[in-house]
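Single-structure report; data block below.
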Amino acid sequence: MNQNKGPIDDIVPPERRSIRNLGTLRDRARAPVPMVHHEETHRGVVRKEGRSFFSRFGIWIGAAAAVLIFGLAFSLLFEGARLTIVPKQRTVPVSLTTVAYRTATALELPYEVMSLTKESSVTVTATGEEDASVKASGRIVVYNDFDSNNQRLIRNTRFETESGLIYRIDQSTVVPGRKVEEGKTIAGSVEVEVFADEPGEKYNVALTDFTIPGFAGTPRFEKFYARSKTPMEGGFIGKRLTVEEGAATAARETLRGKLREDLLVEALAQKPKGFYLFPDGIFVEYVSLPQGDAGESVTLREQATLHGVLLPEIAFANVIARQTVAGFDDTDTEIANPDALTVSLPERVTARPWEDVEVSISVTGQALLVALFDTEQLKSDLAGRSKEALPTILSGYPSIEEA
């Protein structure tokens, strides 16, 4: 019960009249004498003081004001109520393996992939010179605007510029199918690295578009395409400066370590709301970019790309509840203590699991599962209703244990 004083405590009682409050005889003598009227009756003389009526009227006004103030204070004290909700919850031991899918059905666990790329460089002193023959390389984004099915592109798939230059991927990859979001069709896409078919500077080109010659003559040719993410660069034939192998290796390892740390910080900051990004679902791949020569120094460049497997929080919790809670009714659930779980990808279809159409997920630990309910809808249902209606309203929220 609230012990703070409400408005009713601020009402000052009428001042009591006492002989101590009466003035002296001199003061009373100075006070004006009330006018007295005499009225003859058959019983005698009746004295009527002219101010008595107004005094009684003032008392009634004061009483009415007190009632009004009391009513206002009472209404303020009871204008609303605080309702504490206790949702259904349970701590369960977890030891399971499940599968997450790029394209999942209603009861399957979906997953998405976030990718971040960062570059860094360091300048070291050259120790020699050599003849070099280097292929240009760069990153492109491949799009699937053909259908909703995933499309695997095998290693050495060709990409061709408008001028006829050919570049290839050195790893197989999967291009996700297109999807519909908010009524709009969005092409599936994946970012990959490509390498020129031949060494030389003619393959160093600015941002451009690509087609996939392998799809020529089929309906896919127009709906599968690629666009540059970075320029194609590094193509070279001739002499270039060199760095002692051990020094170059140490410098590149330092660059990669710093890039990884920076990318992990960025990934956690940019993780979409409503998704888990577990440590074992984070992968970082590195590419040594073409070096730059300047005088007697060499600039070594490294590029790192982080790929993170994202698991939807509610769908992930529902999968755990479905396999650990007897009679689970598919009520949306959340995990209140995700840090208490160990989540790993024990079996990988390829060396690049972020490109797979499905991944195996292993989960162990103690999970605190908490049932979810629509708080805004509950507020709306409670507004303006009496306390007696509470049980009926709560019956429509099976996720609530008590209130």
- Verdict with reasoning, Asn318 to Arg322, per side chain to side chain contact (heavy atoms under 4.5 Å, CB included): CA-CA 6 Å; Asn318 288 349; Arg322 199 172 291 118; 3.9 Å; yes
- Message: Run Val325 and Val92 through side chain to side chain contact (heavy atoms under 4.5 Å, CB included) and show every step you take.
- Response: CA-CA 8 Å; Val325 178; Val92 295; 4.1 Å; yes
- Task: Starting from the C-alpha separation in whole Å, work towards a yes-or-no answer on side-chain hydrogen bond (donor to acceptor under 3.5 Å, both in side chains) for Arg102 and Tyr111.
- Result: CA-CA 6 Å; Arg102 279 290 185 100; Tyr111 81 95; 3.3 Å; yes
- Message: Could you walk me through whether Ser115 and Val113 satisfy the side chain to side chain contact (heavy atoms under 4.5 Å, CB included) test, starting with their C-alpha distance in whole Å, then the side-chain angles of each, then the deciding distance to 0.1 Å, before giving a yes or no?
- Response: CA-CA 7 Å; Ser115 297; Val113 175; 4.0 Å; yes
- Query: Going through the distances and angles, do Val99 and Val359 end up as a side chain to side chain contact (heavy atoms under 4.5 Å, CB included)?
  - Reply: CA-CA 6 Å; Val99 178; Val359 294; over 6 Å; no
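The backbone N or O of Ala187 sits nowhere less than 3.5 Å from a side-chain atom of Asp145 that would complete a donor-acceptor pair. Put simply, the side chain of Asp280 gets close to the backbone of Leu345: a donor and an acceptor are under 3.5 Å apart. In this structure, Asp197 contributes its side chain and Lys135 its backbone to no donor-acceptor pair below 3.5 Å. Judged by distance alone, the side chain of Asn337 and the main-chain N or O of Asp339 form no donor-acceptor pair under 3.5 Å. A distance-only check finds no donor-acceptor pair linking the side chain of Glu253 to the backbone of Ala250 [under 3.5 Å]. In this structure, Thr127 contributes its side chain and Glu244 its backbone to a donor-acceptor pair below 3.5 Å.
Under 3.5 Å, the side chains of Thr208 and Ser228 contain no donor-acceptor pair of N or O atoms. For the residue pair Asp374 / Tyr397, no side-chain donor-acceptor distance below 3.5 Å is found, with atom types taken as modelled. In the model, Asp293 has a side-chain atom that pairs as donor or acceptor with a side-chain atom of Gln291 under 3.5 Å. Residues Glu296 and Thr125 bring no donor and acceptor atom of their side chains to less than 3.5 Å of each other. Judged purely by distance below 3.5 Å, without hydrogens or angles, the side chains of Tyr167 and Arg158 never pair a donor atom with an acceptor atom.
Heavy-atom contacts from other residues, nucleotides or ligands closer than 6.0 Å to CD of Gln377 number more than 12. Enclosure of atom CZ in Arg168 by more than 12 non-hydrogen atoms of other residues, nucleotides or ligands within 6.0 angstrom is indicated. For Lys179, the NZ atom is loosely surrounded, since the number of other residues' heavy atoms within 6.0 Å does not exceed 12. The neighbour count for Glu130 CD, taken as heavy atoms of other residues, nucleotides or ligands under 6.0 Å away, is above 12.
Between Lys379 and Glu376 there is a salt bridge, with a side-chain nitrogen of the basic residue lying less than 4.0 Å from a carboxylate oxygen of the acidic one. With salt bridges taken as basic N to acidic carboxylate O contacts below 4.0 Å, none links Glu129 and Arg240. One finds a salt bridge joining Glu266 and Lys118 here, because a Lys/Arg side-chain nitrogen approaches an Asp/Glu carboxylate oxygen to under 4.0 Å. Under a 4.0 Å N-O distance rule, the pair Arg252/Glu302 qualifies as a salt bridge. Ion pairing between Glu119 and Arg301 holds under the 4.0 Å rule for side-chain N and carboxylate O.
At least one side-chain heavy atom of Glu201 sits under 4.5 Å from a side-chain heavy atom of Phe236. For the pair Phe373/Leu378, a side-chain contact is recorded, criterion being any heavy-atom separation below 4.5 Å from C-beta on. Taking 4.5 Å as the limit, some side-chain heavy atom of Val142 sits within range of a side-chain heavy atom of Leu153. Two residues are said to be in side-chain contact when any heavy atoms from C-beta on lie closer than 4.5 Å; Phe159 and Thr157 meet this criterion. Side-chain contact between Thr161 and Asp209 is absent, with no heavy-atom pair separated by less than 4.5 Å. Side-chain contact between Phe221 and Thr211 is present, with at least one heavy-atom pair separated by less than 4.5 Å. Between Thr342 and Val363 the shortest side-chain heavy-atom distance does not fall below 4.5 Å. Between Ile335 and Leu341, the closest side-chain pair of non-hydrogen atoms falls below 4.5 Å.
Scanning all heavy atoms of the two residues, the minimum distance from Pro213 to Ile166 falls at CG-CD1, 4.5 Å. Nearest approach of Met114 to Leu277, heavy atoms of both residues: SD-CD2, 4.1 Å. Ser120 and Leu255 make their closest contact through OG-CD2, 3.5 Å (heavy atoms, listed as atom of the first residue, atom of the second, distance). Nearest approach of Arg385 to Ala389, heavy atoms of both residues: NH2-CB, 3.6 Å. Between Leu300 and Ala251, the shortest heavy-atom contact is CD1-CB, 4.0 Å. Here the closest non-hydrogen pair linking Gly177 and Asn150 is N-OD1, 3.0 Å.
Here the CD1 atom belonging to Ile212 is positioned 10.5 Å from the OH atom belonging to Tyr225, to the nearest 0.5 angstrom. Here CD of Glu358 is found 10.5 Å from OG1 of Thr98. Values are rounded to the nearest 0.5 Å. Here the OG1 atom belonging to Thr324 is positioned 5.5 Å from the CG atom belonging to Leu369, to the nearest 0.5 angstrom. Rounded to the nearest 0.5 Å, atoms OG1 (Thr333) and CD1 (Ile314) are 8.5 Å apart. The CG atom of Leu394 sits 9.5 Å away from the CG atom of Asp381 when rounded to the nearest 0.5 Å. Here the CD-OG distance, from Gln303 to Ser121, works out to 12.5 Å after rounding to the nearest 0.5 Å.
Ring-plane geometry between Phe224 and Phe215 is classed as tilted, the angle between the planes lying from 30 to 60 degrees on a 0 to 90 degree scale. Ring geometry for Tyr276 against Phe316 counts as perpendicular: the plane angle is over 60°, on a 0 to 90° scale with 30° as the lower cut.
Screening residues 186-195 for side chain to side chain donor-acceptor pair (under 3.5 Å), with sequence neighbours left out, gives Arg139-Glu191, Glu191-Lys229.
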